[in-house]
Amino acid sequence: STQSTWHIINNLQSYNAEVVSFNAAEKTAEIKVNNNIYTVSAKDQFDVLLDKLGLSSLNNAKVSEVKAPMPGLVLKVFVAVGDEVKKGDNLFILEAMKMENIIKAPADVTVKTVKLKPGDKVEKGQVLLQFS
């Protein structure tokens, strides 16, 4: 089991912090600090990107496609038509501004069409994968 209570000293102030609840799927936690409960959420760069693409409420909405988040060069494609992928699985690698971006599945889906292959140059907003 992991530690869920801490004693924190910051700027000579003493705080008792305790993780009351943690939801891994939603990346949210309730943390009690000196008997006040705060709800916090954690986002990595993929969550921020999904928010930007309007794909953040994925567990509720049916996801039908993935669009290129930015212009770039497709380096590798990990999925084929008919593949069942889980949320977070790698779909493809897009090189943009000399950085490799691994684009992950936004939800549990089945691949219906693959409109990209390694070496393709794609434009922002271009539909690259469709799901059924």
Roughly how far apart are Asn16 CG and Lys32 NZ, rounded to 0.5 Å? 10.5 Å
Determine whether Phe131 and Thr110 make a side-chain contact, defined as any pair of heavy atoms from C-beta on separated by less than 4.5 Å. no
Is the shortest side-chain heavy-atom distance between Val114 and Leu129 below 4.5 Å? yes
Does Val79 belong to the same Ile/Leu/Val/Met/Phe/Trp/Tyr cluster as Val127, with side-chain heavy atoms less than 4.5 Å apart forming each link? no
Side-chain heavy atoms under 4.5 angstrom apart, residues restricted to Ile, Leu, Val, Met, Phe, Trp, Tyr: same cluster for Leu75 and Ile102? yes
Applying side chain to side chain contact (heavy atoms under 4.5 Å, CB included), name anything that partners Lys86, two or more places apart in sequence or on another chain. Asp89, Asp108
In terms of hydrophobic clustering (I, L, V, M, F, W, Y; side-chain heavy atoms under 4.5 Å; direct or indirect links), are Val40 and Val19 co-clustered? yes
Can you see which heavy atom on Glu123 is nearest to which on Ala68, and at what distance? O-CB, 3.3 Å
Of all the heavy-atom pairs spanning Ala80 and Val111, show the shortest one and how long it is. O-CB, 3.4 Å
Testing the basics here: between Lys121 and Gln126, what is the closest heavy-atom pair and its distance to 0.1 Å? O-OE1, 4.4 Å
Is the shortest side-chain heavy-atom distance between Ser41 and Lys27 below 4.5 Å? no
For a quick test of reading the model, state the closest non-hydrogen atom pair linking Pro106 to Val66 and the distance between them. CD-CG2, 3.9 Å
Should Val33 and Trp6 be counted in the same cluster of Ile, Leu, Val, Met, Phe, Trp and Tyr side chains packed under 4.5 Å apart? yes
Drop me the distance from Leu128's CG to Thr113's OG1, to the nearest 0.5 angstrom. 10.0 Å
Show me the donor-acceptor pairs, under 3.5 Å and distance only, between side chains in residues 90-99 and residues at least two apart or in other chains.
unit_1: Asn90; atom_1: OD1; unit_2: Lys104; atom_2: NZ; d: 2.7

Those residues that, when tested against Asp120, pass salt bridge (Lys or Arg N to Asp or Glu O under 4.0 Å) (two or more places apart): Lys117
At what distance, to the nearest 0.5 angstrom, does CE of Met70 lie from CD1 of Ile103? 5.5 Å
